[in-house]
Every structure is written in C-alpha cells, then in structure tokens.
Novice: 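Before I ask anything, here is the structure I am working with.
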Protein chains: 2
Amino acid sequence: MSVDKPNILVVEDEPSQLELLSYNLAVEGYEIFRAESGEEALLLLKEHSIDLVILDWMLPEISGLEVCRQIRRNKQTKDIPVIMLTARGEEDDKVRGLDIGANDFVVKPYSIKELCARVRSNLRIKYDLNTSDTLEFEGITMDIKRHRVHVNNNKVSLGPIEFKLLHTLMVSPTKVFSREELLDRVWASNIDVETRTVDVHIGRLRKQLNIVSDIELIRTVRGFGYSLDSGLN
Amino acid sequence: MSVDKPNILVVEDEPSQLELLSYNLAVEGYEIFRAESGEEALLLLKEHSIDLVILDWMLPEISGLEVCRQIRRNKQTKDIPVIMLTARGEEDDKVRGLDIGANDFVVKPYSIKELCARVRSNLRIKYDLNTSDTLEFEGITMDIKRHRVHVNNNKVSLGPIEFKLLHTLMVSPTKVFSREELLDRVWASNIDVETRTVDVHIGRLRKQLNIVSDIELIRTVRGFGYSLDSGLN
DNA sequence: ATTCTTTGTAACAGTTCCGTAACAGGCAGC
DNA sequence: GCTGCCTGTTACGGAACTGTTACAAAGAAT
C-alpha cells in the first residue's frame with residue numbers, strides 16, 4: 001500500500017479524456033497510472049498496488065463492467081474502490097454497476113471538482129477503516145479518530161487547544177518541549193502569542209487530567225519547558 | 001426487531017375477525033399492527049413503516065376503498081401492497097378495487113392458508129430485491145435499500161440529505177467528521193456549499209431523532225466536527 | 001534570609017464557535 | 001396557478017474557549 005501518495009488507475013479509451021483526467025488528478029497529488037483498454041488495466045492492477053480505479057463504462061473489447069467484475073473476483077484487488085464513469089445517467093446501468101460492485105458513479109459530463117470529491121471520499125473510507133490511531137502513555141489513552149481521551153478509563157473532556165497540546169506531548173512522551181516548540185506545533189499559524197500562554201494552557205490541561213488522576217502527569221522542567229512524564233523512571 | 005420481520009397492517013372492524021387474522025399472521029412470523037377503522041389505519045401508516053396492508057372492504061365511516069385510495073395518493077405509502085377482503089365476490093367491487101390500486105383480492109369466507117399465500121406472494125415482489133443491507137448503532141437501525149430509519153423501533157422520517165448524513169455517520173460510528181469531510185461525502189457534487197450549512201442539517205437530523213429518542217445521539221466536538229456517539233462508553 | 005527569576009493560576013475581556021429560527025428559492029404534485 | 005416539502009443562507013444570542021495580565025508561590029543564587 002502506498003502510504004503518502006495514493007495510486008490511482010484511470011481507465012479511459014478516449015486519449016484526450018484520459019489526459020484531462022490524469023492531469024487534474026495529478027495536480028491533486030495522486031500518482032496516476034493510465035490504461036486505454038481493459039486488458040491494460042488488468043495488467044497494471046497486477047503489477048502495481050493501486051488504491052483506487054476510475055473506470056470508463058464504454059471500453060473497446062472488454063467493457064468497464066467486465067473489468068469491474070474481474071477486479072472483484074480477484075482476491076488481491078477485490079477491496080479496491082472503483083468509480084465508474086457513464087455517458088448517460090441510465091438508472092439501469094447504475095443498478096447493474098452497483099450490483100457488480102462499483103463503489104460510486106459519476107455521470108458524464110462531470111465537473112472535475114465533483115470527481116475529485118468522490119475520489120477523496122472513496123479513498124478515505126478505506127484509509128479510515130484501517131487506521132485506528134490511538135496513543136497510550138502511563139494510563140492516558142488518546143483515540144484520535146474519535147477525539148477522546150481517557151485516563152485510567154475515566155473520560156476526560158478537553159478543549160481544542162488542550163487536546164492538541166496533549167497530543168503533541170504524547171507523540172513523543174518523555175521528551176521535553178520548550179514553550180517555543182509547543183507554540184510552533186500547537187498554534188502553528190498563529191505565532192503572535194505570548195510564550196506565557198503556554199503555561200496557562202498547560203495548567204488547564206493539568207486541571208482536567210487531575211480530575212481523574214491524582215498523579216502529576218505533566219512535568220515542569222524549570223528553565224526548559226514541559227514533558228509528559230510521571231517521573232516514575 | 002421489526003426490520004427483518006415484515007410489518008403488516010390489518011384493518012378490520014369486526015374484533016373477532018381482527019383477532020383471528022392477527023394471530024394467524026403473527027404465527028407466520030410477521031409483525032402485526034391492528035386498526036379497527038380507516039382513520040386508525042391511516043394514522044398507523046404514517047407512524048410505522050408498513051410493508052403490506054390487509055384491508056376489509058366494509059369499514060365504518062371511511063370505506064376500505066377510500067383508505068386504499070388514500071394510500072395510493074400518498075408518496076410515502078403508494079408502493080405498499082394492499083390486499084382487500086370482500087364479503088362476496090362481486091365482480092363489480094373487484095373491478096373498482098383494482099382500479100383504485102388494490103393489489104389482490106381475497107373473498108370471505110377465505111382459508112387462512114390462502115390468505116397467507118397471498119401475503120407471501122405480495123411481499124415477495126418487494127422483498128426479493130432487498131437482501132436488506134442494514135446498519136445499526138445504539139438503537140438506530142438503518143435499512144439502506146428501503147431507505148428507512150428506526151430508533152428504538154420507532155420510525156424516523158428523514159429527507160434525502162438527512163438520510164445521507166446519518167448514513168455517513170453510521171458507516172464509521174464514533175468517528176469525528178469535520179464539516180469539510182461531511183460536505184465531501186454527503187454533498188459530493190455540490191461542493192460550493194457553506195460549511196455552516198452542515199450545522200443546520202445536523203440540527204435538523206437531531207430534531208428528527210429526538211422525536212423518538214431522548215438521548216443525544218450526535219455529539220458536537222467543538223472546533224472539529226460531529227460524530228455519532230451517545231457518549232455511553 | 002533576601003533577592004531575583006521562573007512558574008502556577010485566578011480573573012477578566014475578548015473572540016470564536018455552535019444551535020437555531022427565520023427567510024427565500026426550487027421543485028414536485030395537484 | 002397554489003401548496004407543501006426540502007434546501008442553503010443568514011443573523012443573532014448564548015456558550016465555550018482563548019490570550020493576557022497580575023499576583024502568589026516556588027526555586028535558585030547570593
């Protein structure tokens with residue numbers, strides 16, 4: 001699986017269309033593979049790890065429908081999202097397509113914007129399911145997707161900044177962060193904030209954590225900054 | 001649960017008949033709703049998602065014929081199969097009934113066996129298409145193909161956007177969706193929509209859900225977005 | 001102990017964010 | 001036409017959050 005740049009296979013027999021699509025998707029930051037026929041598509045699917053397929057309904061020789069069916073039949077490729085492009089929005093086609101296992105439909109003529117939105121959302125569904133991000137440290141559990149924090153199994157409710165702050169600390173627990181560093185990471189764009197503000201937020205975060213834990217979980221390193229560290233080691 | 005079990009509404013003013021029918025159909029594995037008058041029937045049709053109606057021809061005040069006409073007139077109920085019960089097999093009645101849109105006729109006195117067969121065949125027409133995809137979470141049941149949502153077995157009626165919105169949330173329950181993400185997934189084609197519009201639709205969805213549930217099912221994560229989450233875990 | 005520096009925190013004044021009512025346009029059905 | 005339903009936008013009030021400050025408390029250095 002490609003981690004940073006998703007690989008998209010575009011299957012379209014009309015060269016100008018293929019070019020247009022490829023270009024626009026490449027701009028969005030995807031790695032594009034092109035195929036002008038069903039055979040070519042199936043070959044590329046075998047040789048590369050494709051994350052998503054955009055498939056024209058009308059293709060010479062092997063139809064888009066058939067390509068989709070083959071993708072679904074193969075164990076290696078059966079979970080790849082397929083977006084089909086159809087010339088007209090014939091309900092009949094749509095039903096057949098969805099039966100075969102196409103994930104989504106885009107009717108020509110379509111806007112690039114729309115197609116990109118579909119691509120994004122279909123990619124995300126896959127990534128979401130596989131990514132169950134949780135961070136843990138000394139009794140603190142942070143579930144990023146669900147945006148929840150527990151300490152010793154007690155729920156802690158944090159405001160946006162507190163959440164980001166704790167997240168930053170938890171990514172490198174035991175590391176000592178200077179106030180400047182925390183400003184960079186948590187506040188990012190807004191650099192016009194006093195360094196003392198960090199102290200205040202650390203205080204607020206501590207207060208929330210202390211409601212459910214009597215151990216001091218955030219350590220002050222005088223003259224340097226803060227770190228997530230109960231001081232047990 | 002009344003989602004996989006087809007819901008049948010029996011309309012019959014004679015209590016003993018009503019009881020007999022209800023009992024025999026319940027034995028066959030249907031969920032039965034009873035009405036002794038036309039008004040009652042129409043009310044139940046609004047409040048529950050009925051899959052089939054058994055309708056006595058002779059009813060006080062509103063006749064069976066009229067009830068049938070009303071069912072056909074309403075967009076929400078127009079595809080529900082209606083089986084009419086008539087006292088004598090008067091050709092005239094039958095013709096009028098079929099004109100109005102009754103799907104089938106059973107002449108009194110009838111055998112339970114015969115009626116059950118008719119019920120089965122009339123249900124099959126609709127049901128065969130539906131190998132019912134359903135999503136569930138914390139009392140919410142969503143039947144995707146039939147476009148139905150129940151909360152604690154109470155029907156909830158949602159507009160198209162509300163439905164998609166809830167669907168999106170239910171695919172990854174407890175996950176926090178940003179407004180942009182929801183726009184991508186729910187609106188897809190129409191990206192030029194204000195992010196605040198999401199809030200309004202979340203509000204509308206909440207209102208519908210709250211009619212039948214006093215628990216807040218959609219959580220607001222300030223500064224981030226929304227998630228399906230009753231907050232019970 | 002005294003002084004100076006650094007940190008904790010309460011309090012206040014914005015500011016931002018969210019829920020919702022109200023309104024207007026679109027569209028389907030009658 | 002009218003009517004009713006659905007949708008997108010806006011505006012406003014209230015709630016939650018944030019940044020700053022001032023002062024108290026704690027450590028270091030002398």
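Keep in mind that the numbers below use all heavy atoms, side chains included, and drop hydrogens, waters and symmetry copies. Per chain, numbering begins at 1; letters A, B, ... match sequence-line order.
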Novice: For the side chain of A:R222, starting at C-beta, report the closest nucleotide among C:dT16, D:dG27, C:dT20.
Specialist: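 Of all the options, the side chain of A:R222 is nearest to D:dG27.
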Novice: From CG of A:D199 over to C1' of C:dT6, roughly how many Å is that when rounded to an integer?
Specialist: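 The distance from CG of A:D199 to C1' of C:dT6 comes to 9 Å, rounded to the nearest Å.
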Novice: State which of D:dT10, D:dG19, D:dT9 makes the closest approach to the side chain of A:W187.
Specialist: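 Closest nucleotide to the A:W187 side chain: D:dG19.
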Novice: Of the listed nucleotides (D:dG19, D:dG8, D:dA11), which one gets closest to any side-chain atom of B:V193?
Specialist: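 Given the options D:dG19, D:dG8, D:dA11, the side chain of B:V193 is closest to D:dG8.
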Novice: Which nucleotide sits closest to the side chain of B:Y226: C:dA11, C:dA21, C:dG19?
Specialist: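 Out of C:dA11, C:dA21, C:dG19, the nucleotide with an atom closest to B:Y226's side chain is C:dG19.
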Novice: Starting at the 5' end of DNA chain D, which residue's closest nucleotide do you reach first, A:T197 or B:T197?
Specialist: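 Going by which nucleotide is closer to the 5' end, it is B:T197.
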Novice: Name the nucleic acid region contacted by B:I202, choosing base, sugar-phosphate or nothing; use a 4.0 angstrom heavy-atom cut-off, strictly under.
Specialist: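 Nothing: the residue B:I202, judged by heavy atoms under 4.0 Å, touches no strand.
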Novice: Nearest to the side chain of A:P160, which nucleotide is it out of D:dG8, D:dT10, D:dC17?
Specialist: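 Of D:dG8, D:dT10, D:dC17, D:dC17 is nearest to the side chain of A:P160.
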Novice: Rounded to whole angstroms, how far apart are CZ on A:R179 and P on D:dT20?
Specialist: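 Taking atom P of D:dT20 as the reference, CZ of A:R179 is at 14 Å.
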Novice: Provide the full list of ring-ring contact (aromatic ring centres under 6.0 Å, His included) pairs with a residue in residues 194-225 of chain B, sequence neighbours left out, each pair given once.
Specialist: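 Every pair satisfying ring-ring contact (aromatic ring centres under 6.0 Å, His included) with a residue in residues 194-225 of chain B: A:H147-B:F224, B:W187-B:H201.
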Novice: Assign A:R206 to base, sugar-phosphate, or nothing according to its heavy-atom contacts below 4.0 angstrom with the strands shown.
Specialist: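 The residue A:R206 makes sugar-phosphate contact but no base contact.
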Novice: Once you round it to whole Å, what is the distance between P of C:dT9 and CZ of A:R196?
Specialist: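 The distance from CZ of A:R196 to P of C:dT9 comes to 11 Å, rounded to the nearest Å.
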Novice: For a quick check of understanding: with a heavy-atom distance under 4.0 Å over all strands, which category does A:T220 fall into, base, sugar-phosphate or nothing?
Specialist: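 It contacts sugar-phosphate atoms only.
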Novice: Taking the side chain as every heavy atom from C-beta outward, state whether A:S227 and A:K175 have any atom pair closer than 4.5 Å.
Specialist: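 Of all side-chain heavy-atom pairs linking A:K175 with A:S227, none is under 4.5 Å.
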Novice: Could you state the CZ-P distance from B:R204 to D:dT9, rounded to the nearest angstrom?
Specialist: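 Distance, rounded to whole Å: 11 Å.
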Novice: If I take atom NE2 in residue B:H201 and atom P in nucleotide C:dC18, what distance separates them, rounded to the nearest angstrom?
Specialist: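 Answer to the nearest Å: 17 Å.
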Novice: Rounded to the Å, how far apart are B:K164 NZ and D:dG8 P?
Specialist: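 Distance, rounded to whole Å: 10 Å.
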Novice: Starting at CG of B:L165 and ending at C1' of D:dG8, how long is that distance when rounded to a whole Å?
Specialist: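 Distance check: B:L165 CG to D:dG8 C1' gives 14 Å.
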Novice: Are any non-hydrogen side-chain atoms of A:F137 and A:L169 less than 4.5 angstrom apart?
Specialist: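 The answer is no, as the side chains (C-beta and beyond) never meet within the 4.5 Å cut-off.
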Novice: Do A:L217 and A:N210 have side chains that get closer than 4.5 Å, going by heavy atoms?
Specialist: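 In short, these two side chains do not touch, never coming nearer than 4.5 Å.
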Novice: Quick check on DNA chain D: between A:E194 and A:L158, whose nearest nucleotide comes earlier from the 5' end?
Specialist: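 Its nearest nucleotide lies further toward 5', so the answer is A:L158.
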Novice: As a test of reading the structure: which of D:dG8, C:dA21, D:dG27 is closest to the side chain of B:K207, going by heavy atoms?
Specialist: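 Of all the options, the side chain of B:K207 is nearest to C:dA21.
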Novice: Is there side-chain contact between B:L9 and B:I54, with heavy atoms separated by less than 4.5 Å?
Specialist: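 No; the side chains remain at least 4.5 Å from each other.
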Novice: Please state how far atom CD in B:E162 lies from atom C1' in D:dC5, giving the value in whole angstrom units.
Specialist: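 Roughly 11 Å, once rounded to whole Å.
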